[in-house]
**Q** 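The structure's right below; bear with me while I get my questions together.
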Amino acid sequence: MTEALVILLAGIALAWPLGLYLARLMRGTPMRIDPLFRWIEQALYRLLGVDPDRAMSWRDYAGAFLLSNLVLAVPTLAVFMTQAWLPLNPDHVPNLRWDTALHTMVSFLTNTNQQHYSGQAQLSYLSQMTAITGLQVVTPMMGLALAVATLRALFAGARGTADAARVGVGVGVGVGNYYADVVRLCLRFLLPLCLAWTLLLTWQGVPSTLAGGPQAVPIDAGAGMQAQKIPLGPVAAMVAAKQLGANGGGWYGPNSSFPLENPTPLSNALELVGIVLVPMAVVFMIGAFTGRRRFGALVFGCMLGMSLLSTFATVWLEGHGASAASPLLMEGKEVRFGADGTALWATLTTQVQNGSVNGMQDSMSPLAGMASLVNMLVGAIWGGIGCGLQQFLVYLMLAVFLAGLMTGRTPELFGRKLETPQVRLLAVLVLLQPITLLGLSALTLAVPGLAGASNPGFHGITQVFYEFTSAYANNGSGFEGLADNTVWWNLSCALVLALGRYPVLLVPLVIAAQLAGKRQAPQSAGSLQIETPTFALTLVCVIVVLTVLQFMPALVLGPVADHLGLALQGA
């Protein structure tokens with residue numbers, strides 16, 4: 001428990017000034033570092049052929065986002081399918097199969113990093129450096145740009161600042177410039193952080209080389225292996241990007257449980273802080289960026305409360321609950337980190353939609369695994385970079401609508417009415433998640449041979465449901481007993497990856513733009529006050545109803561029944 005508190009406090013302490021810097025960066029406030037980056041930015045704008053000073057409508061912004069995803073998808077897929085013939089392949093790794101290449105491309109393009117391959121064995125250095133690490137830098141900043149654009153629309157004309165007036169000039173409801181936002185976020189925010197974390201991880205012994213891996217002679221000659229090739233590569237840079245960008249895909253198949261990817265207790269702490277740092281910084285950005293500190297405090301308080309509850313529940317269930325006395329407790333866990341360290345990583349990585357692991361989720365106790373499932377179903381306990389805030393805004397609008405109905409008031413958010421068009425869009429997002437997850441899980445379990453689950457019964461149900469939930473939540477972790485590198489799993493998960501990414505990012509932007517176009521009513525004694533503890537409790541209750549209760553039958557058939565079965569066996 002002490003380790004959990006230290007990691008959360010360290011993340012908060014570092015995220016607070018980082019969030020203030022992020023707010024200044026996205027408001028375009030002049031800073032002393034401007035000359036250092038301006039010449040690079042101007043060159044990129046000329047290369048892209050865009051005017052960074054031209055404000056966009058939400059349609060233009062969303063169109064630029066989708067176009068940039070399409071442009072990145074084509075060369076990424078080409079690299080995966082031709083890597084055997086390209087340079088920087090000292091280990092002579094073959095091309096990826098078409099369905100694996102497609103799934104991997106969609107997975108990393110959606111900032112999910114769900115892996116149906118083993119990185120050190122199936123990807124070349126070039127694939128890891130460009131198609132993998134490159135997307136790990138760009139795609140989270142795309143999501144953050146969409147979240148910032150949503151805040152601009154939501155608070156346009158309500159902040160009383162020159163910045164609010166400037167973004168709307170000439171385009172109706174202006175939400176900024178997509179290309180300028182992404183370029184500034186990459187160059188001035190994430191890349192410097194990645195450089196710092198790369199140096200720290202390299203210092204701790206994470207490999208950082210372009211040379212091929214050495215050959216080693218196994219100590220046990222009876223294993224029948226004459227020599228073993230130790231896979232190396234520029235691992236540190238990829239690990240820094242995967243943690244700071246809420247990505248999660250590992251250079252090695254075992255991810256951060258592998259000693260070369262996570263060699264020391266300090267590297268473990270650095271990676272844990274890296275997981276929560278940027279999502280926390282985004283939350284701290286809200287108050288300074290919008291000029292509504294109390295609203296920022298509402299978001300932070302709700303997320304922190306859910307995070308603490310989830311963290312301590314998971315650590316207790318895994319290392320101190322009824323299953324802790326079992327001699328099988330350490331199965332699937334690194335002895336260097338122990339049960340508490342594995343549980344802490346599992347809960348933080350699913351709260352943040354990061355997906356990396358330092359132990360196997362499949363080996364955790366059923367109820368601890370259920371806590372990870374709930375984290376991903378919520379999607380807004382810190383959440384992914386950008387998409388976590390977007391999901392929180394969806395819950396916020398739904399809570400405003402329901403609270404308005406319960407109190408007999410017209411539902412209003414910051415003086416603008418939530419009406420039928422907005423509620424319909426919210427309903428689409430609310431229904432899309434259960435239809436996708438439950439429908440595909442039922443189909444996979446109903447058709448013999450599709451699931452490829454390594455365990456029969458209740459645990460096998462959890463394996464299947466977890467895989468689709470992880471894909472929809474843009475998380476990427478998995479119950480690794482699942483045989484997931486098949487045509488069915490690759491194609492079905494690719495569909496779920498896209499459904500869990502693009503609507504969650506774009507629908508809140510559309511709703512915010514619709515609200516911005518409405519006349520703002522003045523605040524009065526009859527207005528719904530959302531920046532209060534009472535509304536915060538209402539909001540958390542809405543989140544619980546829409547996630548835990550909505551998926552209760554699936555959770556009962558999976559992890560709850562699995563836990564009861566083990567308890568009866570032990571009795």
Side-chain angles (χ1 to χ4, degrees), residues 22-31 34 38 41-42 44-46 48-69 141-189 282 285-292 295-296 385-387 389-390 392-394 396-397 412-419 421-422 425 502-521:
L22 192 57
R24 297 186 64 193
L25 177 64
M26 300 316 293
R27 291 186 63 140
T29 305
M31 291 183 281
D34 289 346
R38 188 175 292 124
E41 293 170 350
Q42 293 301 327
L44 287 174
Y45 296 144
R46 285 194 295 270
L48 295 171
V50 299
D51 178 10
D53 298 320
R54 185 181 71 85
M56 293 180 172
S57 67
W58 73 264
R59 290 183 178 83
D60 293 335
Y61 204 99
F65 166 68
L66 294 174
L67 177 61
S68 64
N69 277 258
M141 296 301 97
M142 290 177 172
L144 182 52
L146 265 292
V148 170
T150 302
L151 291 177
R152 288 189 182 122
L154 199 59
F155 291 92
R159 287 181 289 165
T161 64
D163 180 63
R166 185 172 65 250
V167 296
V169 174
V171 293
V173 179
V175 295
N177 186 285
Y178 171 77
Y179 299 103
D181 287 343
V182 174
V183 167
R184 288 167 67 87
L185 284 168
C186 289
L187 290 181
R188 300 189 183 210
F189 181 66
V282 172
M285 174 201 74
I286 296 171
F289 180 75
T290 63
R292 298 189 67 133
F295 178 67
I385 298 176
C387 55
L389 178 57
Q390 297 290 78
F392 187 89
L393 292 175
V394 170
L396 175 72
M397 294 175 194
E412 291 182 356
L413 182 62
F414 306 121
R416 295 182 172 91
K417 294 181 180 180
L418 281 169
E419 298 177 307
Q422 293 77 51
L425 289 173
Y502 297 107
V504 171
L505 283 176
L506 294 175
V507 170
L509 175 62
V510 176
I511 295 175
Q514 290 177 349
L515 292 176
K518 296 184 178 184
R519 184 175 181 179
Q520 185 179 7

**Q** Any heavy-atom pair between the side chains of E41 and P52 that's under 4.5 Å?
**A**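 No, every pair of side-chain atoms sits at 4.5 Å or beyond.
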
**Q** State, with a plain yes or no, whether a side-chain heavy atom of L154 is found less than 4.5 Å away from one of T290.
**A** no

**Q** Please report the shortest heavy-atom distance between A153 and A516, naming the atom on each side.
**A**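 Heavy-atom minimum between the residues: O-CB, 3.1 Å.
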
**Q** Set out, in order, the CA-CA distance, both residues' side-chain angles and the distance that settles side-chain contact (heavy atoms from CB on, under 4.5 Å) for L389 and I286, then state yes or no.
**A** CA-CA 10 Å; L389 178 57; I286 296 171; 3.5 Å; yes

**Q** Once the angle between the rings of F414 and F295 is folded into 0 to 90°, is it parallel (under 30°), tilted (30 to 60°) or perpendicular (over 60°)?
**A** perpendicular

**Q** Going from CG on L425 to CG on L506, what distance comes out if it is rounded to the nearest 0.5 angstrom?
**A** 11.5 Å

**Q** Do the charged groups of D34 and R188 touch, with an N to O distance under 4.0 Å?
**A**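 A salt bridge is present here (some side-chain N lies under 4.0 Å from a carboxylate O).
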
**Q** M142 and L505: side-chain contact (heavy atoms from CB on, under 4.5 Å), yes or no, with the steps?
**A** CA-CA 10 Å; M142 290 177 172; L505 283 176; over 6 Å; no

**Q** Please check if the side chain of R24 supplies one atom and the backbone of P30 the other of a donor-acceptor pair under 3.5 Å.
**A** yes

**Q** For side-chain contact (heavy atoms from CB on, under 4.5 Å), just list the numbers for V394 and V507, CA-CA rounded to whole Å, side-chain angles, deciding distance to a tenth of an Å, and then say yes or no.
**A** CA-CA 9 Å; V394 170; V507 170; 5.9 Å; no

**Q** Which atom pair, heavy atoms only, marks the closest approach of Y179 to A64?
**A** OH-CB, 3.6 Å

**Q** Rounded to the nearest 0.5 Å, what separation is found between the CG atom of L22 and the CZ atom of R27?
**A**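 The CZ atom of R27 is 12.5 Å from CG of L22, to the nearest 0.5 Å.
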
**Q** What is the distance from atom CD of E412 to atom CD of E419, rounded to the nearest 0.5 Å?
**A**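 Going from the CD atom of E412 to the CD atom of E419 covers 9.5 Å.
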
**Q** Could you tell me which non-hydrogen atom of P503 sits nearest to which non-hydrogen atom of P508, and how far apart they are?
**A** O-CD, 3.8 Å

**Q** On a heavy-atom basis, which atom in Y61 and which in A145 lie closest, and how many Å separate them?
**A**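 Scanning both residues completely, I find the closest heavy atoms to be OH-O, 3.1 Å.
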
**Q** In Å, rounded to the nearest 0.5 Å, how long is the span from CG of L509 to CG of L151?
**A**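 Atom-to-atom, L509:CG and L151:CG are 10.5 Å apart.
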
**Q** Just verifying a value: how many Å separate Y178 OH and D60 CG, rounded to the nearest 0.5 Å?
**A**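 Reported value, rounded in 0.5 Å steps: 13.5 Å.
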
**Q** Report the C-alpha distance between D181 and M56 in whole Å, list the side-chain angles of each, state the deciding distance to 0.1 Å, and finish with yes or no for side-chain contact (heavy atoms from CB on, under 4.5 Å).
**A** CA-CA 11 Å; D181 287 343; M56 293 180 172; over 6 Å; no

**Q** If you define the side chain from C-beta out and look only at heavy atoms, does anything of Q422 sit under 4.5 Å from K518?
**A**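 Yes, close enough: below the 4.5 Å cut-off.
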
**Q** Can you tell me how far the CG atom of L44 sits from the CG atom of L48, to the nearest 0.5 Å?
**A**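 So the CG of L44 and the CG of L48 are separated by 6.5 Å.
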
**Q** Does F65 have its ring centroid less than 6.0 Å away from the ring centroid of Y502?
**A** yes

**Q** State whether the side chain of N177 and the backbone N or O of D51 hold a donor-acceptor pair below 3.5 Å, judged by distance alone.
**A**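 Yes; at least one donor-acceptor contact below 3.5 Å.
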
**Q** Would you say the side chain of M285 lies within less than 4.5 Å of the side chain of V148, judging by non-hydrogen atoms?
**A** yes

